[in-house]
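Here's the structure we're looking at; comments come further down.
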Amino acid sequence: MTATARDRLIVGLDIPTIGEAEVIVKALGDDVLFYKIGYQLAFAGGLEFARDLAADGKKIFLDMKLLDIDNTVAKGVENIAKMGMSMLTLHAYPKAMRAAVEAARGSDLCLLGVTVLTSMDEQDVIDAGYQYDPHTLVLRRTEQARAAGMGGIVCSAEESSAVRKIVGADMAIVTPGIRPAGSDKGDQKRVMTPADALRSGSSHLVVARPIVKAADPHAAALAILNEMTGAL
C-alpha cells in the first residue's frame, strides 16, 4: 500500500457537539484528511456535518455499526452511499454483511466488518455468550467478512497481523484503540502505539481522545503523523 500517513490517520470526533467538532476540524486544518463520526456526534447533528465535511473534500468514516434484518441494513447502506461517505461499519454477521455488500455495489463506500470491540477482553466475550476467545472470534469473523466481499475489517491492532494473513493486501484493516506511548488507555483494553499498529498490518488508525482531548490537538496529530510516517 502506498498511502501516506495522512491517508491512514482517522481522527475520531468523539465529542458531544457540532461546535466542538468544528473547532477541532479547524485546528487540524489540511494536515488531517479523514474523520470518524460515531453515535455521540451523529445524534447531535453529525450526519449533516458529515455531509458538509465530505463536500469540503474530507473523507468520512461513519461508525454506525449497523445490524438488523437484511432489508433494513440494505436500505440504510443505500442512503449512506449517497451521502458521499468513505467508510461505514456494520457488525460482522454474515447475513448483514452480504446484504450491505449488495446494497453498496457500484459505489465507492468501503464497508467494514466490526469483529470484536477493542473495549472487550476475554471475560467480556464470554459474558456476551460466545464460545470463542476474542482472538479466535476476530479471525472467524474476518474469514466471514472476506467471504461476503467486505472492503475491510475493524479489529484491535493486536489481531491485525493475523487478520492481514487472512485478508491479503487488498482489504483495509482499521484499528481503534490506538494510544501513543505513555497516554491513558481510558476504557480500551487491547491497545497499541501508532507505529506498532502499522508494522503489525493495520492500514488505517483511529485516534480520538489522544488528539481531540489534547491541550494542543494540532500538535498531537502532527506527532502521531510523524510517528506513522517513520513506520511506513
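Reckoned from all heavy atoms, side chains included, excluding hydrogens, waters and symmetry mates. This structure is a prediction, so every number in the text was calculated from the model and none was measured.
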If you look at every heavy atom in [X] and [Y], which pair is closest and at what distance?
| X | Y | value |
| --- | --- | --- |
| L111 | A104 | CD1-CB, 3.8 Å |
| I10 | M87 | CD1-SD, 4.2 Å |
| L13 | F49 | CD1-CE2, 3.9 Å |
| P194 | I224 | CG-CG2, 4.0 Å |
| F34 | D7 | CD1-O, 3.6 Å |
| I178 | A197 | CD1-CB, 3.6 Å |

Would you indicate whether the side-chain heavy atoms of [Y] and [X] approach each other to under 4.5 Å?
| X | Y | value |
| --- | --- | --- |
| V116 | C155 | no |
| L137 | V125 | yes |
| S200 | R164 | no |
| M150 | L90 | yes |
| L198 | M228 | yes |

Which donor-acceptor pairs under 3.5 Å do the side chains of residues 16-23 make with protein atoms, sequence neighbours left out?
from	atom 1	to	atom 2	distance (Å)
T17	OG1	E20	N	3.1
T17	OG1	E20	OE2	2.9

task: Just jot down the ring pair (Phe, Tyr, Trp, His ring centres under 6.0 Å) partners of Y39, sequence neighbours excluded, or say none.
output: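 Once residues adjacent in sequence are excluded, the partners of Y39 under the ring pair (Phe, Tyr, Trp, His ring centres under 6.0 Å) criterion are F43.
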
- request: Please name all residues satisfying salt bridge (charged side-chain N to carboxylate O under 4.0 Å, His left out) with R51, sequence neighbours left out, ordered by chain then number.
  value: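 Per chain and number, R51 pairs via salt bridge (charged side-chain N to carboxylate O under 4.0 Å, His left out) with E48.
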
Which value, rounded to the nearest 0.5 Å, describes the distance between [X] atom [atom1] and [Y] atom [atom2]?
| X | Y | atom1 | atom2 | value |
| --- | --- | --- | --- | --- |
| L66 | L88 | CG | CG | 5.0 Å |
| D14 | I24 | CG | CD1 | 11.0 Å |
| T175 | I153 | OG1 | CD1 | 12.5 Å |
| I37 | L47 | CD1 | CG | 7.5 Å |
| L9 | Y35 | CG | OH | 9.0 Å |
| I173 | S156 | CD1 | OG | 11.5 Å |

field: side chain to side chain contact (heavy atoms under 4.5 Å, CB included) assessment of C110 paired with L112
entry: CA-CA 6 Å; C110 178; L112 303 172; 3.9 Å; yes

Cut-off 3.5 Å, no hydrogens considered: what does the side-chain donor-acceptor table look like for residues 71-82, sequence neighbours left out?
none

- request: Any chance you could lay out the side chain to side chain contact (heavy atoms under 4.5 Å, CB included) test for M192 and R179, step after step, and finish with the verdict?
  value: CA-CA 6 Å; M192 191 173 287; R179 293 290 186 270; over 6 Å; no

Output yes when a side-chain donor or acceptor of [X] lies under 3.5 Å from a complementary backbone atom of [Y], and no otherwise.
| X | Y | value |
| --- | --- | --- |
| S202 | V174 | no |
| R6 | D30 | yes |
| E227 | A195 | yes |
| D124 | D121 | yes |
| R141 | A145 | no |
| R8 | H204 | no |

task: Please determine if E143 and R146 form a salt bridge, counting it only when a charged side-chain N lies under 4.0 Å from a carboxylate O.
output: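 Answer for the salt bridge query: no.
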
- prompt: Same cluster or not: are L205 and L232 linked, directly or through other Ile, Leu, Val, Met, Phe, Trp or Tyr residues, by side-chain heavy atoms under 4.5 angstrom apart?
  reply: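 Linked, L205 and L232 end up in one cluster.
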
- request: Please test T136 against L139 for side chain to side chain contact (heavy atoms under 4.5 Å, CB included), starting from the C-alpha separation and ending with a verdict.
  value: CA-CA 5 Å; T136 302; L139 299 189; 5.9 Å; no

task: Verify side chain to side chain contact (heavy atoms under 4.5 Å, CB included) between V25 and L53, making sure each step is shown before the conclusion.
output: CA-CA 9 Å; V25 172; L53 288 177; 4.0 Å; yes

Tabulate below the donor-acceptor pairs under 3.5 Å that side-chain atoms of residues 212-223 make, not counting sequence neighbours, or state none.
from	atom 1	to	atom 2	distance (Å)
D216	OD1	H218	N	3.3
D216	OD1	A219	N	3.1
H218	NE2	D31	OD2	2.7

Compile the donor-acceptor pairs under 3.5 Å between side chains in residues 58-65 and protein atoms, sequence neighbours left out, one pair per line.
from	atom 1	to	atom 2	distance (Å)
K58	NZ	G29	O	3.0
K58	NZ	V32	O	2.7
D63	OD1	K65	NZ	3.1
D63	OD1	T89	OG1	2.7
D63	OD2	K65	NZ	2.8

field: Cation-pi, Y130 ring and R140 (6.0 angstrom, 45 degrees)
entry: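 So R140 doesn't make the cation-pi contact.
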
field: Side-chain H-bond candidate by donor/acceptor type, N226 with T229, under 3.5 Å
entry: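 No pair is found: no donor N or O on one side chain lies under 3.5 Å from an acceptor on the other.
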
